[in-house]
Amino acid sequence: MSGIVGYGAYVPKYRIKSETIAEVWGEDPDRIKEGLGILEKAVPAIDEDATTLAVEAARIAMKRAGIPRDSIGALYVGSESHPYAVKPTACAVAQALGAVPNLTAADLEFACKAGTAGIQMCMGMVDSKMIHYGMAIGSDTAQGRPGDALEYSAAAGAAAYIIGPNDESMAILEDTLSYTTDTPDFWRRPKADFPSHGGRFTGPPAYFKHVMGAFYGLMQKMDEKVENYDYFVFHQPNAKFPQAVAKQLKIPKEKLADGLIVPIIGNTYSAASPLGLANVLDKAEPGQRIFMVSFGSGAGSDAFSIKVTDKIKNRDRAYPLSKFINEKEYLSYAIYSKLKGNYKGM
Amino acid sequence: MKESIALMWRRLPERYKLIGSACENCKTHYFPPRSICPKCRRKGKISRFEYSGEGKVYSFTEISAGPIGFEHQTPYVIAIIELAEGAKCLGQIVDARLADVKIGDPVEGTFRKIQSDDPEGPIHYGFKFRLKK
Ligand SMILES: [Zn+2]
């Protein structure tokens, strides 16, 4: 069995409030805040992209794991905003970590669940002893078309997980299960600047069907139940969806709270559920159990059952996710548009 | 000014990992790396040295009219950083304005885009500094 040997989370400093965006498009800010449950979202600085966010998270993960940098045998970066169409983000991250050259590396894409797909790949490679440690990163600087509902949610962040043998882990990955179908809920064609989505179609046939499918699948496989878990982390494209899932599954609010950070940072896509998990790990105690379900449009969900070990007590507390969430600076819509490169001729 | 792909690639260790050099003879640290110790000349023994990125602000200014490739990043702060291990180096201080910075402020290394203005060209990444809080 494998587990989490180290983890790191990073969110950029800049924020834009939902009401600032709503004002531009003549929308009712309260309707947006209540409808989506998003108060503000994280915006990357002009010199940040999915690669730089991934490096920030990965460096914290390495520090926390305290392992030699040349011991990383595999590195996967999941993103829907890889800075290059062709040239792996994973190579730049590996080079910046000093983990080159003896490792395998690749970029993954599965909308918002490419990061958890990378965790599963590393689990398999560690379990089969093909590698000793692998790193899986979810990193995104998501784009929403100006004026579209996605503009309120599409945010930026990264989370990195170092997967290794369970006897070295601060949290054991007890089991995982996925639920995947071909579902046209959200997509972006090559050369398109912004994604398209199926509006309400993103709900029942997409998010809910896959998240529930993976949830029940893993619970049944492990013969487990909600009462045996202390925290739940679901993919969070907005606050409404994971809250509706929790309600249907009779999960108490307090078990969802720590892993639900979308109201204050937005939907960080590939980083969304991994960041929720990082926020939970920042306060989890030995023996506690966490259930996580990611979701990626297109569509699929990965469910994980995680058990925190005694090693969590020794975690480096220098860079908790809350540090990056709390250090923030608000932007006007004009400066936000500049940082997003939305002006012609830039 | 565009740098060649070869030069960009050669500078990756220095830009990504803050790799400079140190003289084992007189213990002087250099950044960017030097191949000869100017103090010891032929007696010097130069080896690779990786800086931690930790340091403090030695001097700084804000750029309001950036050179080509940086014109959209203005205003931004550049500083001479006294690296914890000894050498001084020039770098940008991210997520900060002039009023946020003081001489002596502690900083840590970060990894950012340096230049990416050519939509069909390579993206240049490298170290910058962030105020440590
Ligand atoms: Zn010397």
Side-chain angles (χ1 to χ4, degrees), chain A residues 10-15 42-60 63 69 82-89 91-101 139 141 158 191 193 318-319 323-324 326-329 331 335 337-343 345-346, chain B residues 5 8-20 48-54 63 66 68-78 91-97 99-100 106 108-133:
Chain A
Y10 176 80
V11 174
K13 183 185 176 189
Y14 299 100
R15 302 282 182 281
V43 180
I46 200 159
D47 55 358
E48 290 185 302
D49 63 16
T51 301
T52 68
L53 302 187
V55 170
E56 296 271 12
R59 284 181 174 171
I60 295 168
K63 205 178 280 182
R69 55 203 183 190
H82 290 292
Y84 286 94
V86 178
K87 188 180 182 309
T89 304
C91 294
V93 176
Q95 185 88 39
L97 291 178
V100 294
S139 179
T141 55
K191 293 180 186 166
D193 288 335
Y319 292 90
K323 174 182 158 72
F324 296 108
N326 296 337
E327 275 173 23
K328 60 186 172 182
E329 183 179 328
L331 300 172
I335 298 294
S337 294
K338 175 186 158 182
L339 298 187
K340 299 298 272 182
N342 286 350
Y343 291 122
M346 255 183 86
Chain B
I5 296 286
M8 171 194 174
W9 175 74
R10 271 203 302 275
R11 286 186 173 161
L12 286 187
E14 149 191 349
R15 293 223 174 118
Y16 280 22
K17 300 277 315 144
L18 268 169
I19 288 174
R48 251 170 75 104
F49 183 82
E50 187 180 326
Y51 292 88
S52 63
E54 304 273 326
I63 304 292
I68 294 168
F70 296 83
E71 57 274 61
H72 299 310
Q73 298 189 28
T74 56
Y76 58 87
V77 176
I78 60 164
Q92 199 174 322
I93 296 184
V94 302
D95 299 343
R97 293 293 308 268
D100 303 327
E108 59 189 355
T110 178
F111 185 82
R112 294 286 176 107
K113 276 191 288 187
I114 306 287
Q115 203 173 1
S116 58
D117 54 315
D118 176 1
E120 299 200 2
I123 303 169
H124 297 245
Y125 293 103
F127 70 86
K128 294 187 182 180
F129 296 92
R130 176 169 45 215
L131 294 172
K132 225 176 153 177
K133 282 175 196 152

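All chains are named by letter (A, B, ...) in the order of the sequence lines, taking the proteins before the strands, and each is independently numbered beginning at 1. Heavy-atom basis, side chains included; hydrogens, waters and symmetry copies ignored. Because the structure is a prediction, the values reported are computed rather than measured.
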Practice task
Go through L97(A), D49(A), T51(A) and name the one with the most non-hydrogen pairs under 4.5 angstrom from chain B.
Solution key: D49(A)
Completion exercise
Hits for side chain to side chain donor-acceptor pair (under 3.5 Å) against K17(B), two or more places apart or cross-chain, chain-then-number order -> E50(B)
Handout entry: Heavy-atom check, side chain of E56(A) versus side chain of T110(B), under 4.5 Å
Key = yes
Exercise for the section: Would you confirm whether Y16(B), through its side chain, and A92(A), through its main-chain N or O, come within 3.5 Å as a donor-acceptor pair? Expected result: no
Fill in the blank from the handout: Note: vs chain A, highest number of non-hydrogen pairs under 4.5 angstrom among E108(B), E71(B), R15(B) is E108(B)
Problem - Which portion of K87(A) sits near chain B, non-hydrogen atoms under 4.5 angstrom - result: neither
Exercise for the section: Taking only Lys NZ, Arg NE, NH1 and NH2, and the carboxylate oxygens of Asp or Glu, determine whether E327(A) and R130(B) approach each other closer than 4.0 Å. Expected result: no
Handout entry: Residues R112(B) and E48(A) bridged, charged N to O under 4.0 Å
Key = yes
Practice task
Heavy-atom pairs under 4.5 Å with chain A are the metric here; pick the option from K113(B), H72(B), Q73(B), K128(B) that has the most.
Solution key: K113(B)
Fill in the blank from the handout: Nearest heavy-atom approach of D47(A) to Q92(B) is OD2-NE2, 4.1 Å
Exercise for the section: Side chain from CB out, backbone as N, CA, C, O: work out which of these in E120(B) comes under 4.5 Å of a heavy atom of chain A, or both, or neither. Expected result: neither
Exercise for the section: Indicate the atoms forming the closest heavy-atom contact of Y84(A) with I123(B), along with that distance. Expected result: OH-N, 2.7 Å
Practice task
With the side chain counted from C-beta on, respond yes when R59(A) and F111(B) share a heavy-atom pair under 4.5 Å apart, and no when they do not.
Solution key: yes
Handout entry: Contacting region of P122(B) [heavy-atom separation from chain A under 4.5 Å]
Key = both
Handout entry: Under 3.5 Å donor-acceptor, K133(B) side chain and K323(A) backbone
Key = no
Handout entry: Contacts of type salt bridge (charged side-chain N to carboxylate O under 4.0 Å, His left out), residue K132(B), not counting sequence neighbours
Key = E54(B)
Problem - Heavy-atom proximity to chain B below 4.5 Å, by part of Y14(A) - result: side chain
